[in-house]
Amino acid sequence: MRVLITGGTGLIGSVLCGRLLADGHQVTVWSRSPDTVKARCGEAVTAIGALEEMDGTPVQAVINLAGEPIADKPWTAKRKAALWASRVTLTEQLVAWMGQQVVKPQVLISGSAVGWYGDGGEKRITEESSARAEYTHTLCDAWESAAKRAAAHGIRVCQLRTGLVVAPGGGFLQRLLLPFKLGLGGPIGSGQQYMPWVHLDDMLGIILFLLYQDQCKGPFNATAPHPVTNREFAKTLGKMLKRPAFMPLPGFILKATLGEMAGLLLTGQNAVPDKLLKAGYVFQFEYLDAALAAVLKTEE
């Protein structure tokens, strides 16, 4: 099939392109920088800078992974506008284009995040759980709502409520490795906030599973079955690196330096992939220690 991807040059998208090509699919990446696509995603990938370049070319599936990194900069008004545009506005444009096609895609797999739930505390969170009204919920809910409009065109829609992606060569783990290797790692704030995580291999596996399983639709927690608290994460990573991990980062420092965005680090969700497990997806990495061991091995 021909698959159209947004966010194809990112951490998940660039590896996903390779997997899709290896499976015999044709891959097109819509990017603001089409000249960089082949270097990041593979020579066999078609790059476009505007959706109009695809008019007349039937697309069977769309995988929407675009979005400015949410934790890279403080949430100023300008930054919030960029986060909205790269998620909600882009998805609205994508769905409008899909609806205009004579032969419409069969499925849209669209990004979201566990931030949809807001701060979940310690309670176990499934796809049936309610949300707490705060900034991440507002952003993710608008993002998901934009994707859901594709259903009116007869397109199957799945939303990926993604946790922290444990991956080699990028992502949040890369930011932690240096301080932890120096023995300066430790819990953030109280350390009791949950960190729903997923290994990159399972992130790819989940996307491909949803791509092929016609009965799957709606939101899915793209998280491993066993989330851990921030304190447990720090302890496990320190153990893997054979370094102490007891240097706490007080919450008041984060609030003073990051403002509203500090909540992203000081709160969390005990989110589990209830719908994926019921649908039959089998995780390659259920537990954090095995996931970290696999990633750190590739870093050596």
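Using a 4.5 Å heavy-atom cutoff, the side chains of Tyr135 and Leu83 are in contact. Residues Tyr281 and Leu210 have side chains not in contact (no heavy-atom distance under 4.5 Å, counting atoms from C-beta outward). Between Asn221 and Leu160 there is no side-chain heavy-atom pair separated by less than 4.5 Å. Put simply, the side chain of Leu292 reaches to within 4.5 Å of the side chain of Val166, judged on heavy atoms. Contact check for Thr223 versus Leu164: no side-chain heavy atoms found under the 4.5 Å cut-off. Counting heavy atoms from C-beta outward, Ile5 and Thr28 have side chains that stay 4.5 Å or more apart. Contact check for Lys80 versus Trp75: side-chain heavy atoms found under the 4.5 Å cut-off. Put simply, the side chain of Ile12 reaches to within 4.5 Å of the side chain of Leu200, judged on heavy atoms.
In summary, the side chains of Glu232 and Thr229 do present a donor paired with an acceptor at a separation below 3.5 Å, with no hydrogens or angles considered. Side-chain atoms of Ser112 and Gln159 include no donor-acceptor pair closer than 3.5 Å. A donor atom on one side chain and an acceptor atom on the other are not found under 3.5 Å apart for Tyr194 and Asn230. Judged purely by distance below 3.5 Å, without hydrogens or angles, the side chains of Ser110 and Asn64 pair a donor atom with an acceptor atom.
At a threshold of 4.5 Å between side-chain heavy atoms, the hydrophobic network of Ile, Leu, Val, Met, Phe, Trp and Tyr places Leu208 and Leu276 in one connected group. Linking ILVMFWY side-chain heavy atoms closer than 4.5 Å, directly or via other members, places Ile207 and Val107 in a single hydrophobic cluster. In terms of hydrophobic clustering, with Ile, Leu, Val, Met, Phe, Trp and Tyr side chains grouped at heavy-atom distances under 4.5 Å, Val3 and Val95 are assigned to different clusters. Linking Ile, Leu, Val, Met, Phe, Trp and Tyr residues whenever their side-chain heavy atoms come within less than 4.5 Å leaves Val88 and Leu94 in two separate clusters. Hydrophobic clustering places Trp30 together with Trp97 (ILVMFWY residues linked when any side-chain heavy atoms are closer than 4.5 Å, directly or through intermediates).
Between Phe172 and Phe233, the ring centre distance stays below 6.0 Å. Between Tyr287 and Phe285, the ring centre distance reaches or exceeds 6.0 Å.
In this structure, the side chain of His137 does not engage the main chain of Gly118 through any donor-acceptor pair within 3.5 Å. Under a 3.5 Å cut-off, the side chain of Lys275 and the backbone N or O of Pro219 do form a donor-acceptor pair. A side-chain donor-acceptor contact under 3.5 Å links Thr76 to the backbone of Arg79. Distance alone, capped at 3.5 Å, is enough to place a donor-acceptor pair between the His199 side chain and the Asp201 backbone. Checking side-chain atoms of Arg149 against main-chain N and O of Glu92 turns up no donor-acceptor pair under 3.5 Å. Although no hydrogens or angles enter the test, the distance criterion places no donor-acceptor pair under 3.5 Å between the side chain of Lys148 and the main chain of Val157. Remark: the backbone N or O of Ile188 is paired with a side-chain donor or acceptor of Gln193 at under 3.5 angstrom. Side chain of Arg2 to main chain of Gln26: no donor-acceptor pair is present (N/O by atom type, distance under 3.5 Å, no hydrogens or angles). Panel note: side chain Arg156, backbone Cys216; a donor-acceptor pair is recorded below 3.5 Å. Between the side chain of Thr91 and the main chain of Ala146, no donor-acceptor pair closer than 3.5 Å is present.
Each of Arg161, Lys123, Glu127, Glu134 was scored for a side-chain hydrogen bond (donor to acceptor under 3.5 Å, both in side chains) with Tyr117, with one residue passing: Arg161. Residue Leu16 forms a side chain to side chain contact (heavy atoms under 4.5 Å, CB included) with just one option from Leu65, Leu21, Leu211, and that option is Leu65.
Across Leu108 and Ala147, no two heavy atoms sit closer than the pair CD2-O, 3.8 Å. Closest heavy-atom contact between Cys41 and Gly8: SG-O, 3.0 Å. Summarising the geometry of Pro187 relative to Arg231, their closest heavy-atom pair is CG-NH1, 3.7 Å, with the distance given to 0.1 Å. Annotation for Thr138 and Trp84: closest pair O-CZ3, 4.3 Å, computed over non-hydrogen atoms. Summarising the geometry of Glu53 relative to Ala47, their closest heavy-atom pair is OE1-O, 4.4 Å, with the distance given to 0.1 Å. Pairing each heavy atom of Ala271 with each of Pro227, the nearest pair is O-CG, 3.7 Å.
Note that the OG1 atom of Thr126 and the CG atom of Asp274 stand 5.0 Å from one another [nearest 0.5 Å]. With rounding to the nearest 0.5 angstrom, the OG atom of Ser31 is 12.5 Å from the NZ atom of Lys38. Atom CG of Leu11 is separated from atom CE of Met203 by 10.0 Å, given to the nearest 0.5 angstrom. With rounding to the nearest 0.5 Å, the separation of CD in Glu286 from NE2 in His226 is 4.5 Å. With rounding to the nearest 0.5 angstrom, the CG atom of Leu237 is 6.5 Å from the CG atom of Leu176. Gln101 CD to Met54 CE: the interatomic distance, rounded to the nearest 0.5 Å, is 8.0 Å.
Salt bridge absent: Arg87 and Glu68 never bring a charged side-chain N and a carboxylate O closer than 4.0 Å. In this structure, Asp23 does not pair ionically with Arg19, as no charged nitrogen and carboxylate oxygen lie closer than 4.0 Å.
Heavy-atom neighbours of Lys104 NZ from other residues, nucleotides or ligands within 6.0 Å: above the threshold of 12. When the shell of 6.0 Å around CD of Glu128 is examined, it contains 12 or fewer heavy atoms from other residues, nucleotides or ligands.
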Evaluate the side-chain contact (heavy atoms from CB on, under 4.5 Å) criterion for residues Thr136 and Thr267: first the C-alpha distance (whole Å), next the side-chain angles of each, then the deciding distance (0.1 Å), finally the verdict. CA-CA 11 Å; Thr136 56; Thr267 62; over 6 Å; no
Given side-chain contact (heavy atoms from CB on, under 4.5 Å), test Ile109 with Val62 step by step and report yes or no. CA-CA 6 Å; Ile109 299 174; Val62 178; over 6 Å; no
